[in-house]
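These notes concern the structure reproduced below.
Computation of the quantities below employed the complete heavy-atom set of this structure, encompassing side-chain atoms and omitting hydrogens, waters and symmetry-equivalent molecules. Order of the sequence lines fixes the chain letters, A, B, ..., with proteins taken first and strands second; residue numbering starts at 1 for each chain. This is a predicted model, so every value here is computed, not measured.
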There are 2 protein chains.
Amino acid sequence: MNEADFIAALRALPLHPGAQALRDDAAVIEIGGEALVLTHDAIAEGVHYRPGTDPADIAWKLVAVNLSDLAAKAAEPIGVLIGATLVEGAERFVEGLREVLEAYGVALLGGDTIAHAGPATFGCTAIGRATVRPVPARTGARAGDALYVTGSIGAALLGFEAGDGAAYLRPTPRLAEGLALGPHVHAMMDVSDGLLLDARRMAEASGCTAAITLDAVPFAAGTTDRLAAARWGDDYALLFAAPDGVALPVPATRIGAMLQKGAEPLLLDGKSPPERLGYEHR
Amino acid sequence: MNEADFIAALRALPLHPGAQALRDDAAVIEIGGEALVLTHDAIAEGVHYRPGTDPADIAWKLVAVNLSDLAAKAAEPIGVLIGATLVEGAERFVEGLREVLEAYGVALLGGDTIAHAGPATFGCTAIGRATVRPVPARTGARAGDALYVTGSIGAALLGFEAGDGAAYLRPTPRLAEGLALGPHVHAMMDVSDGLLLDARRMAEASGCTAAITLDAVPFAAGTTDRLAAARWGDDYALLFAAPDGVALPVPATRIGAMLQKGAEPLLLDGKSPPERLGYEHR
């Protein structure tokens, strides 16, 4: 059973209506007239970071990738719960946690610690308060929308290749951009698994075809293999669909458009894209 | 850094007021006139279950231990988020998840899957709606209260020793009991790390001394080593402090009393208890 089969099997379980059929990065709970956004991402040594990584960077990345999911929902963070393997250098983990919590004004709510053998794993649940209804999702894009990204694509890959990689280890959740964009978008998500894969996911969830022009993508300075960068995650840019020509409150780059659903959910320069679009667990 | 040092370091981070200084099993968020209860527990192969355990049992235990924390808060479950290693036999994991969700009327909200080497780890965040204010906590016990447990103590140890162990692998979260007891208790928690350890924690959090009479503890039939059973977790009984003599809505056994804080936070048959009271990660 690979990841896709596993998630497909989970879809047959009793799902909360706010789980959005597990087709989004976050769930939405309506309570007391408010909408809460909840997301859970886990990371593991050897998969999401190299063995020997400073535990402070692990803590930063763990929280930042979850806050990025809140950003894509235009949600204000309330707090996080952390599940952590008790690692060597746990002091550094706490220090990185402090840095990321303070950087984004987020509070620790609780969590759990386990001491076990083998690669360390970490989970984070982030809770935020929705600021706009409907809460932006992958599903809302419409044919005729323009497709945009904030920031640039490829810095995380360059950082990973260079082996230092603040862009890879210390991603920036685009919370302010997400809050500003919330009222203007039809669909929004963060680019965590690769621009092409995530754009296809948005198109599929919205019943559209995403058409991307590679030349239009704002690749990070120094990017040599543009296709590799477009298939690499970890940049945590925001990808969103909005009415073409709408005035946007933050800088963003138009990289294509949403079309009526065609034979392919994703077109790259008008053609079928390469088979592998991004990162999927197998 | 052991678990206690790690948690002490976490206490110096920016904490949410609802985190209760990380001295409880769950956090409480006030939102829109409601109170949400959030808890996160993680389990690992080789620590919380033996290698080779049916993944259906792992899923059950993962969710049940988190629902048990909601039970101790007199909270109605809303849903869970699951972080899971993609294991061999993931189909069975999904099946166990279905069983536990259906058994307690809980919905899946979302989560994340990771494929990694080494022992599998799983995290669960459970979210519930508080039904009583103040939300029962470890902190509310008062000198003069009686100390009670629901159910019995020791079945999980017997199950673990027998190697089959439905009581060990498929614990029962006491949700109905917790809801019923909520309006009557001064303090409540679930017994997950050992009756003696957890009673000491409640006493410390409440600024009292807990005095337990071993003969009064309702040990499971077949228990031979009563002290071992009193130091073993996994029974997920509810431990609570309530006014002595109050009429209780569910069966419970009086095992002692809360006293004015003395030199020891816990007395067993009037004396200092053994040094090791239960399970702590080191």
Side-chain angles (χ1 to χ4, degrees), chain A residues 1-3 5-7 9-10 13-16 18-19 22 24 26-27 29 31-34 36 38-48 78-79 81-83 85-86 90-91 94 97-98 101-102 106-119 121 123 125 127 129 281-282, chain B residues 1-3 5-7 9-10 13-16 18-19 22 24 26-27 29 31-34 36 38-48 78-79 81-83 85-86 90-91 94 97-98 101-102 106-119 121 123 125 127 129 281-282:
Chain A
M1 211 175 208
N2 65 20
E3 185 184 17
D5 296 335
F6 184 64
I7 294 171
L10 293 176
L13 297 180
L15 298 185
H16 193 282
L22 308 181
D24 215 292
I29 293 178
I31 184 158
E34 300 257 15
L36 275 191
L38 297 118
T39 183
H40 180 88
D41 272 352
I43 66 177
E45 180 183 331
V47 181
H48 302 83
I78 294 173
L81 296 112
I82 303 285
T85 301
L86 195 56
E91 301 87 350
V94 175
L97 201 50
R98 172 192 302 282
L101 293 176
E102 289 182 350
V106 179
L108 183 64
L109 275 161
D112 194 19
T113 310
I114 47 178
H116 64 87
T121 62
T125 299
I127 299 107
R129 188 189 312 261
H281 292 283
R282 297 198 178 272
Chain B
M1 210 176 209
N2 65 18
E3 186 184 17
D5 295 336
F6 184 64
I7 294 171
L10 294 177
L13 297 181
L15 298 185
H16 193 282
L22 307 182
D24 214 290
I29 294 179
I31 184 156
E34 301 257 16
L36 274 191
L38 296 117
T39 183
H40 180 88
D41 271 353
I43 65 176
E45 179 183 331
V47 181
H48 302 83
I78 292 174
L81 296 111
I82 303 284
T85 300
L86 194 57
E91 301 86 350
V94 175
L97 202 49
R98 172 191 301 283
L101 293 176
E102 289 182 351
V106 179
L108 182 63
L109 275 162
D112 194 19
T113 310
I114 47 178
H116 65 86
T121 61
T125 300
I127 299 107
R129 188 189 312 261
H281 293 283
R282 293 194 182 274

Would you indicate whether the side-chain heavy atoms of [Y] and [X] approach each other to under 4.5 Å?
{"X": "H16(B)", "Y": "I78(A)", "result": "yes"}
{"X": "I114(B)", "Y": "V47(A)", "result": "no"}
{"X": "T39(A)", "Y": "D112(B)", "result": "no"}
{"X": "I29(A)", "Y": "L109(B)", "result": "yes"}

Checking heavy atoms, do the side chain of L15(A), its backbone, both or neither come under 4.5 Å from chain B?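 Contact with chain B is through both the backbone and side chain of L15(A).
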
Counting only non-hydrogen atoms closer than 4.5 Å, does L81(A) touch chain B with its backbone (N, CA, C, O), its side chain (CB onward), both, or neither?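 Side chain only.
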
Of the non-hydrogen atoms in V94(A) and L13(B), which two are nearest, and what is the gap between them?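 In this case the closest contact between V94(A) and L13(B) is O-CD2, 3.7 Å.
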
Non-hydrogen atoms of L86(A) and N2(B) that approach each other most closely: CD2-C, 3.7 Å

Could you grab the distance from atom CD1 of I7(B) to atom OG1 of T113(A), nearest 0.5 Å is fine?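 One gets 4.5 Å once the value is rounded to the nearest 0.5 Å.
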
Measure the spacing between CG of L38(B) and CG of L38(A) and express it to the nearest 0.5 Å.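 Here the interatomic distance stands at 7.0 Å.
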
Given heavy-atom pairs under 4.5 angstrom as the criterion, report whether the side chain, backbone, both or neither of I43(B) touches chain A. backbone

Of the listed residues ([options]), which shares the most heavy-atom pairs with chain A below a 4.5 Å separation?
{"options": "G18(B), P119(B), A26(B), G33(B)", "value": "P119(B)"}
{"options": "G46(B), G79(B), G123(B), A90(B)", "value": "A90(B)"}
{"options": "D5(B), L108(B), L22(B)", "value": "L108(B)"}
{"options": "G32(B), A27(B), G111(B)", "value": "G32(B)"}
{"options": "A9(B), A42(B), G118(B)", "value": "A42(B)"}

List in chain and number order the residues that pass side chain to side chain donor-acceptor pair (under 3.5 Å) with D41(A), two or more places apart in sequence or in another chain; answer none if no residue qualifies.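 D41(A) satisfies side chain to side chain donor-acceptor pair (under 3.5 Å) with no residue once adjacent residues are dropped.
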
Listed by chain and number, what are the side chain to side chain donor-acceptor pair (under 3.5 Å) partners of E34(B), not counting sequence neighbours? R129(B)

If you take the centroid of each ring, where Trp contributes its six-membered ring, are H48(A) and H116(B) closer together than 6.0 Å? no

